[in-house]
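Have a look at the structure below, then the notes.
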Amino acid sequence: MRSVDLIQKKRDGGELTASELTFLIDGYSRGDIPDYQLSAWAMAVFFQGMTPRETAALTLAMANSGDQVDLGPISGIKVDKHSTGGVGDKTTLILAPLVASVGIPVAKMSGRGLGHTGGTIDKLESIEGFRTELSREKFMNQVNEIGLAVIGQSGNLAPADKKLYALRDVTATVESIPLIASSVMSKKIAAGADAIVLDVKTGSGAFMKTLEDSELLAQAMVNIGTEVGRNTAAVISDMDQPLGFAIGNALEVQESIETLKGNGPDDLTELCLTLGAHMVVLGGKSKTVEEAKQLLRDQLANGAALAKFKAFLAAQGGDAEVVDDYSKLPQAPAIIEVTATASGFVNVIEAEQLGLAAMLLGAGRATKDATIDYAVGVTLRKKVGDAVEAGETLALLHVREEDASAQEVAERVRLAYTIRADRPEPRPLLLSVITADGITRYN
């Protein structure tokens, strides 16, 4: 078998077999196939695409390139969740204890963030004492004991994907739906879950900017899950404005706790209930999504989800008292008010600009080696559709210093808001659900 023949086959629109894809991925991982040949193959995929069977085979080849997590010692159906990312996306902090509170084991490996705010692991580490590194035995035992554990992702989980992504990043082949789908799903499959729920964002603050592309990506990932025997569902949700009101690590932790107390923002609560309901159905605890949603609402109302979160924090060394005393979370020394320059209604909030603003304050990483400031970030006071008067507060910046650079960020936040005389039409948060049975659109 020669890599040049496989490049030509894909260039000409052919379908590669599982053994051919394994040959390419294994050879590239070992260094036997050079960058320039895999670059040529990736570009051929970019233009020719891949069949569902090819994409599933590529995913398995990458998943098999490193560690395979065996969750067999954990009782029950293990359901994982993945988000394609967005601004203010803190759903895992809510979903993990909420779903675990109804008896579905959540054994989750999460990553750190690179971009506007930290990842789930960074957010959790803003809680004093919280440990994200557990032994395999401790990880399994904790899930069996309290139903929940979240740890940092293994450095050897799907290493071929990491190497291939770095190559795609410098060869203009990132925006290939089969390659994106296989990248996401290779890590989820290697992590050992029995079923997977995907939160695929769409809009200005998301990687996929259009609903059409988001649905194509979701369908590709669901197809992969189906092909490899993992029950998979995807929910398409709006990211044309930030999710909830908080952007920044400790700020998002506080908003997540408020949501677990039943006091969270409507959009964040609704998304978590929907994603959680699909997890509950795939986990075998409810037959319908609506029945599962009501079950989760009850867990928020009766305090069971919050109690599970406190037990989770304590089990991993975190200060569980933050649940009742937010002063125990990192606090920014100064706050800058961003005010409106005109009266009217908020028509647009450029989510990506707000995410960038949070990163510039120190809430995220511009490079892998950057240090995160857990305390800083942005808290919105106005969302799309809200009425606003000139001089009224649009957002609060939580900053280290009220210096010139912080004022520049404040101006960036102000410019991210578009205020017009007319109130905009309500924008749906939930757009569609994709399963092995097809697409169901909410509107």
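For the single chain, residues carry numbers from 1 onward in sequence order.
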If I take atom [atom1] from residue [X] and atom [atom2] from residue [Y], how far apart are they, to the nearest 0.5 angstrom?
X: L93; Y: I257; atom1: CG; atom2: CD1; answer: 8.5 Å
X: L98; Y: L148; atom1: CG; atom2: CG; answer: 11.0 Å
X: D238; Y: L429; atom1: CG; atom2: CG; answer: 6.5 Å
X: I434; Y: M221; atom1: CD1; atom2: CE; answer: 8.5 Å
X: I372; Y: M359; atom1: CD1; atom2: CE; answer: 11.0 Å
X: S101; Y: L306; atom1: OG; atom2: CG; answer: 10.5 Å

Nearest heavy-atom pair of [X] and [Y]: which atoms, and what distance?
X: V143; Y: A149; result: CG2-CB, 3.7 Å
X: G276; Y: L296; result: C-CD1, 3.4 Å
X: K293; Y: L273; result: CG-O, 3.7 Å
X: A305; Y: P97; result: O-CB, 3.7 Å

(request) Going by the side-chain contact (heavy atoms from CB on, under 4.5 Å) test, name the single residue among I236, I177, T84 that passes it with M208. (result)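 In the set I236, I177, T84, the residue that makes a side-chain contact (heavy atoms from CB on, under 4.5 Å) with M208 is I177.
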Would you say [atom1] of [X] has more than 12 non-hydrogen atoms from neighbouring residues, nucleotides or ligands within 6.0 angstrom?
X: D169; atom1: CG; value: yes
X: E321; atom1: CD; value: no
X: Q331; atom1: CD; value: yes
X: D403; atom1: CG; value: yes

(message) Test: ring-ring contact (aromatic ring centres under 6.0 Å, His included). Region: residues 156-205. Which pairs qualify, not counting sequence neighbours?
(response)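 Output for this query is empty, none listed.
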Min side-chain heavy-atom separation [X]-[Y] under 4.5 Å:
X: L396; Y: V338; answer: no
X: L243; Y: K201; answer: yes
X: Y442; Y: T274; answer: yes
X: I336; Y: Q407; answer: yes

(request) Would you please test D240 and R427 for side-chain contact (heavy atoms from CB on, under 4.5 Å) and show each step? (result) CA-CA 9 Å; D240 263 341; R427 174 180 297 149; 3.6 Å; yes
Between [Y] and [X], do the side chains contain a donor N or O and an acceptor N or O under 3.5 Å apart?
X: T91; Y: D89; answer: yes
X: S214; Y: T202; answer: yes
X: S204; Y: E350; answer: no
X: D67; Y: N156; answer: yes
X: Q299; Y: N302; answer: yes
X: Q316; Y: T132; answer: no
X: D298; Y: Q294; answer: yes

Hey, is [X] close enough to [Y] for a salt bridge, meaning N to O under 4.0 Å?
X: D80; Y: K78; answer: no
X: E255; Y: K90; answer: yes
X: D161; Y: K187; answer: yes
X: R230; Y: D194; answer: no
X: E337; Y: R414; answer: no
X: E125; Y: R131; answer: no
X: D267; Y: K383; answer: yes
X: E291; Y: K285; answer: no

(request) Using side chain to side chain donor-acceptor pair (under 3.5 Å) as the criterion, list what pairs up with D35, not counting sequence neighbours. (result)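 Scan of D35 (side chain to side chain donor-acceptor pair (under 3.5 Å), adjacent residues dropped) gives Y28.
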(request) Measure from NZ or CZ of K382 to the centre of the six-membered ring of Y417, then state whether that distance is under 6.0 Å and the direction lies within 45° of the axis. (result)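 Not satisfied by the 6.0 Å and 45° rule.
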(request) Indicate yes or no for a side-chain donor-acceptor contact from S176 to the backbone of F46 under 3.5 Å, with no hydrogens or angles considered. (result)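 Answer holds: no.
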(request) Given side-chain contact (heavy atoms from CB on, under 4.5 Å), test T379 with I335 step by step and report yes or no. (result) CA-CA 10 Å; T379 303; I335 291 179; over 6 Å; no
(request) Using the side-chain contact (heavy atoms from CB on, under 4.5 Å) rule, take D319 and L313 through it: C-alpha gap first, then chi angles, then the decisive distance, then the call. (result) CA-CA 7 Å; D319 184 356; L313 293 185; over 6 Å; no
(request) Carefully, step by step, assess R423 and N347 under the rule side-chain contact (heavy atoms from CB on, under 4.5 Å). (result) CA-CA 7 Å; R423 188 191 295 271; N347 273 243; over 6 Å; no
(message) Using salt bridge (Lys or Arg N to Asp or Glu O under 4.0 Å), reason through R381 and D386 one step at a time and then give a plain yes or no.
(response) CA-CA 9 Å; R381 285 289 180 263; D386 289 344; over 6 Å; no
(request) Report the C-alpha separation of R168 and E175 in whole Å, then their side-chain angles, then the decisive distance to 0.1 Å, and conclude whether the salt bridge (Lys or Arg N to Asp or Glu O under 4.0 Å) test is met. (result) CA-CA 9 Å; R168 290 166 52 210; E175 297 88 352; over 6 Å; no
(message) Under the rule for side-chain contact (heavy atoms from CB on, under 4.5 Å), what residues qualify as partners of E389, not counting sequence neighbours?
(response)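 Listed in chain order: S343, E392.
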